[in-house]
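Here is how names work: the chains are called A, B, and so on, in the same order as the sequence lines, proteins then strands, and each is numbered from 1.
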Number of protein chains: 2
Amino acid sequence: MNHLKPLDSMDRRILRIVQRDASLTISEIAAQIGLSQTPCWKRLQRLEALGVIKRRIAVLDPKKLGLGLTVFVSIEVGQHSGEELTRFVDCVSSMEEIMDVYRVAGDVDFVLRVVVPDTAAFDVVYGKLRDLIPLKNVTSHIALENIKSETAFPV
Amino acid sequence: MNHLKPLDSMDRRILRIVQRDASLTISEIAAQIGLSQTPCWKRLQRLEALGVIKRRIAVLDPKKLGLGLTVFVSIEVGQHSGEELTRFVDCVSSMEEIMDVYRVAGDVDFVLRVVVPDTAAFDVVYGKLRDLIPLKNVTSHIALENIKSETAFPV
DNA sequence: GTTGAAAGGCGCGAAAG
DNA sequence: CTTTCGCGCCTTTCAAC
């Protein structure tokens, strides 16, 4: 299932294009990288088969959906059993307002990115978090401004 | 440029589908929400025109690109002039390893999400950050595990 | 809102150099 | 890798209900 050839420069150029605009046709992509359509299409197929391209999605505008508030939540869990932690992680993951969950090293254990309409909605999420298991410390950082939000990786 | 009608439940159902899979055809989407192709297509057009749908992209797998390390960086800038801050923000935004930049309220001023191959690459980014302007405090939280990473908003 | 249909583009794949 | 060819699906539009 893995790559025999890693990824050559043509593959990378294709990836750079489609991770910014997946609505382009094969012909347009092929023209941009200086290849004809057939090999370009085959490379795209291969990149999808390898799982380098995971899926294609539509990116929505959170503001226009009434989701104006982003909050970063840092959590210190303190002492807990494995089952308690598993339950905590499962519940947190299942909450749709919680977009990202990372376990991190350092003075905190988890970092969450929460997207909600307003502070009232965030308060609900915050309450749910505190009710899951006793947490040693929960710190919230409300986003005042989204300066950059990039979905395209440097390839 | 703004909506006369906000968004009805059909619009939301379309958005829920395409923000998870934009490779579906109009016919498939129409079938899923119980609408015929023509009105479904018109709604999609309208959602794009309104900017609710910003663009369509391919989502790549960072691990398969050799980007195995995510780091959250919290920055306290201390006292600086407006021009210094602007320069800092511009430089930070232009670095492609820095995926997200948020200005936040609380004990820190900025939160960054950095995606790099390894700690050596992160060290380069870290050095660049410190060289931009004198920073009061920079705290890095290395991600040990990505438990959840959601691109679809709750609509 | 619905169906049906037409026109053209494009994905997809085969064939051959 | 390249070009060419073609089938068939899909988008896009129109007309009529």
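- Between dG4(C), dT2(D), dG11(C), one nucleotide has an atom nearer to the side chain of Ser27(A) than all others, and that is dG11(C).
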Checklist entry - Could you walk me through whether Lys54(B) and Asp61(A) pass the salt bridge (Lys or Arg N to Asp or Glu O under 4.0 Å) check? => result CA-CA 6 Å; Lys54(B) 289 201 286 189; Asp61(A) 185 336; 5.0 Å; no

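- You'll find the ring centres of Phe72(A) and Phe72(B) outside the 6.0 Å limit.
- Atom C1' of nucleotide dC14(D) and atom NZ of Lys42(B) are separated by 10 Å, given to the nearest angstrom.
- Backbone-only engagement by Gln45(B) is indicated by non-hydrogen atom pairs under 4.0 Å involving sugar-phosphate atoms exclusively.
- Not a single donor-acceptor pair under 3.5 Å links the side chain of Glu76(A) to the backbone N or O of Gly78(A).
- Distance CZ (Arg43(A)) to P (dC12(C)): 17 Å, rounded to an integer number of Å.
- Within 4.0 Å of Gln37(A), counting heavy atoms only, lies no atom of the nucleic acid at all.
- Between the C1' atom of dC12(C) and the CZ atom of Arg46(A) lies a distance of 19 Å, rounded to the nearest Å.
- The distance between atom CG of Leu44(B) and atom P of dT12(D), rounded to the nearest whole Å, is 9 Å.
- Using a 4.0 Å heavy-atom cutoff across all strands shown, Thr25(A) reaches sugar-phosphate atoms only and no base atom.
- A donor-acceptor pair is defined here as one N or O able to donate and one able to accept, closer than 3.5 Å; such a pair exists between the side chain of His80(B) and the backbone of Pro134(B).
- If you check dA14(C), dG11(C), dT2(C) against the side chain of Ile26(A), the one that comes closest is dG11(C).
- The interatomic distance linking Trp41(A) (CH2) with dC10(C) (P) rounds to 17 Å, in whole Å.
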